[in-house]
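For reference, the structure is listed below as C-alpha cells.
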Amino acid sequence: MTETSYHFDTLAVRAGHRRTPENEHAEPIFATSSFVFDNAAQAAARFSGDEPGNIYARFTNPTVQIFERRLAALEGGESCVATASGMAAITAICIGFLSAGDHLVSSRSIFGTTTVLFDKYLTRFGIETSFVDLTDLESWKAAIRPNTRLLFVETPSNPLTEVADITELADLAHAHDCLLVVDNCFCTPALQKPLQLGADLIVHSATKYLDGQGRIVGGAVVGDQQRVGEEIFGVIRSTGPTMSPFNAWVALKGLETLSLRMKAHSDNALALANYLSNHSQIERVYYPGLSSHPQYELAKKQQSGFGGVLSFVVRGGREKAWSVIDNTSMLSITANLGDVKSTITHPATTTHARISDEQKVQTGIAEGLIRVAVGLESIEDIIADLTQGLDA
Ligand SMILES: *Cc1c(COP(=O)(O)O)cnc(C)c1O
C-alpha cells in the first residue's frame, strides 16, 4: 500500500513521516535552527534550489514538514505551508496574492481579528475590502469589481454558524478570475473539504481543532504547488511567521485524533443545541445541525458533521449574558475554541469587541449572544453547568 491509497484516518496517523536512520516510531522534533552541508558545493546547490533539502528553520524544518505533508494529505491539497498562527496564514495570503489597488470581497461574519486586518491594515496598503452577507450570493456578485482578486469566506461562521455554499462561491470566483479562500477552522478537513468543493486556498488556525487541546498557537495555508508550495512558501520565508518545530509536533499529533474528536465535538454540540432550543431563557440558538437552522440542508450536503461551536441569545441582553457566563462553574471563560475543554464567551465584548457597533448590528453580534465551543466532557455535565448559569 502507498500513502496515496490511504483513507482519511490512516493519513491522519501516518502521512508525512519519513523515518530517519534512527528508526524512530513517533515523529521526532528537530529542535535546530540550521542544518549543516557536506561541502561548499552542496551549500550552494541548496541555496540556489538545485538540490532540495534543509537549510534554515525559518523555511525548512523536518518536523514542520511532517505536519505540512499530513495536513495537505487530509485536505486533499498538493501543498501546505505552516505558519506561526492563523492570522499569519491569512496575512500571508494577502501579501502573496494582493497588490496596491486590488480589492477583496469577504463575508462579513468572520473572525474579529480578520476583520481588523482587512479594514485597518490592508487599507493602508491600498487594498479595499467589501463585506457581504455570506449566505446571499447576489450580494457577493454585486460586490465584485474589475480589480477584485480574492473572495474570502469563513464557513460555518464565527460565532453565528451561518453556512456559505462553497461550490457556488468557487464558481463565482472563477468566473471573475478571482481565487476563493476558505477559512476551514470550524470544520477542519474531518468534516469539510473545501478544495474538493472548488476552493483554491484553505487557511487554518491550528490553534483550534487541529491541535485540539488548547496547547499551541499555529496556522497553515493549503492549496496547489504553485500558489502554496511556491508563492506562500516564499512569503513566509521572506516575512518570517514560521511555525516552530515544537508547535508543529503538537499539531501533527493532534491530527492523529482529528476525526474522532470532531465527531465527538459534533455529537456533544448537537445534544446541547437541542437542549438549549427548549430552554425558556433562550431566544434563539444558532447551530447548523438544528433543522431550524436556515442552511441546515446545505450544511448536511457540504459537511460530514456540524462541528463543535454553537451560539445562543439569552433574554436580557448583556447583563443576563454575563450573569449566565459568571454563574457557570465548569465551562472555561476564554475566547479560545477547538479545545477538549468547553469554553464560553461573550462575543460582543471579547472576540468582536473591536468592531464598530454598526458592524455588530449588521453581523448579528447581539448583546445577549453567548458562544459555547463544546468540548469533550460528558454532555450531562456541560448541560448541568449551563443550566446552573441560566437559572441563576
Ligand atoms: C482563531 C481563528 C483565526 C485566527 O487564528 P490564530 O491562530 O488565533 O491567529 C482565524 N479564523 C478563525 C475562524 C479562528 O477561529
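For the single chain, residues carry numbers from 1 onward in sequence order. Counting convention: from 1, in listed order, for ligands and their atoms alike. The figures here come from the full heavy-atom set of this structure, side chains too, leaving out hydrogens, waters and symmetry mates.
- Between E128 and R145 there is a salt bridge, since at least one side-chain N of the basic residue sits less than 4.0 Å from a carboxylate O of the acidic one.
- At distances below 3.5 Å, not a single donor-acceptor pair connects side-chain atoms of N184 with backbone N or O atoms of P194.
- The ligand atoms of ligand 1 that sit less than 4.0 angstrom from a heavy atom of G218 are 7 (O).
- Of the polar atoms of L337, none of the N or O atoms is found under 3.5 Å from an N or O of ligand 1, judged by distance alone.
- Aromatic ring centroids of F152 and F118 lie under 6.0 Å apart.
- For atom 6 (P) of ligand 1, the closest non-hydrogen atom on the protein side is G86 N, 3.3 Å.
- The nearest non-hydrogen atom to atom 5 (O) of ligand 1, considering only P241, P159, A206, S205, comes from S205.
- Of the protein's non-hydrogen atoms, the one nearest atom 4 (C) of ligand 1 is F111 CE2, 3.4 Å.
- Residues R70 and E256 are paired through a salt bridge, judged by an N-O separation under 4.0 Å between the basic side chain and the carboxylate.
- Aromatic rings from Y287 and H293 are positioned such that their centres are separated by 6.0 Å or more.
- Regarding atom 12 (C) of ligand 1, its nearest protein heavy-atom neighbour is D183 OD2, 3.4 Å.
- The shell of residues lying under 4.0 angstrom from ligand 1, judged by heavy atoms, excludes G338.
- At least one N or O atom of K208 sits closer than 3.5 Å to an N or O atom of ligand 1.
- Checked by distance only, ligand 1 and M87 come closer than 3.5 Å through their nitrogen or oxygen atoms.
- Interface atoms of ligand 1 facing S85, defined by a heavy-atom separation under 4.0 Å, are 7 (O), 9 (O).
- Residue E154 has at least one heavy-atom neighbour below 4.0 Å for each of these atoms of ligand 1: 13 (C).
- Between the side chain of T83 and the backbone N or O of S85 there is at least one donor-acceptor pair closer than 3.5 Å.
- H352 contributes no side-chain N or O that, together with a main-chain N or O of A348, makes up a donor-acceptor pair within less than 3.5 Å.
- Side-chain atoms of E75 never come within 3.5 Å of backbone atoms of L71 as a donor-acceptor pair (strictly under, hydrogens ignored).
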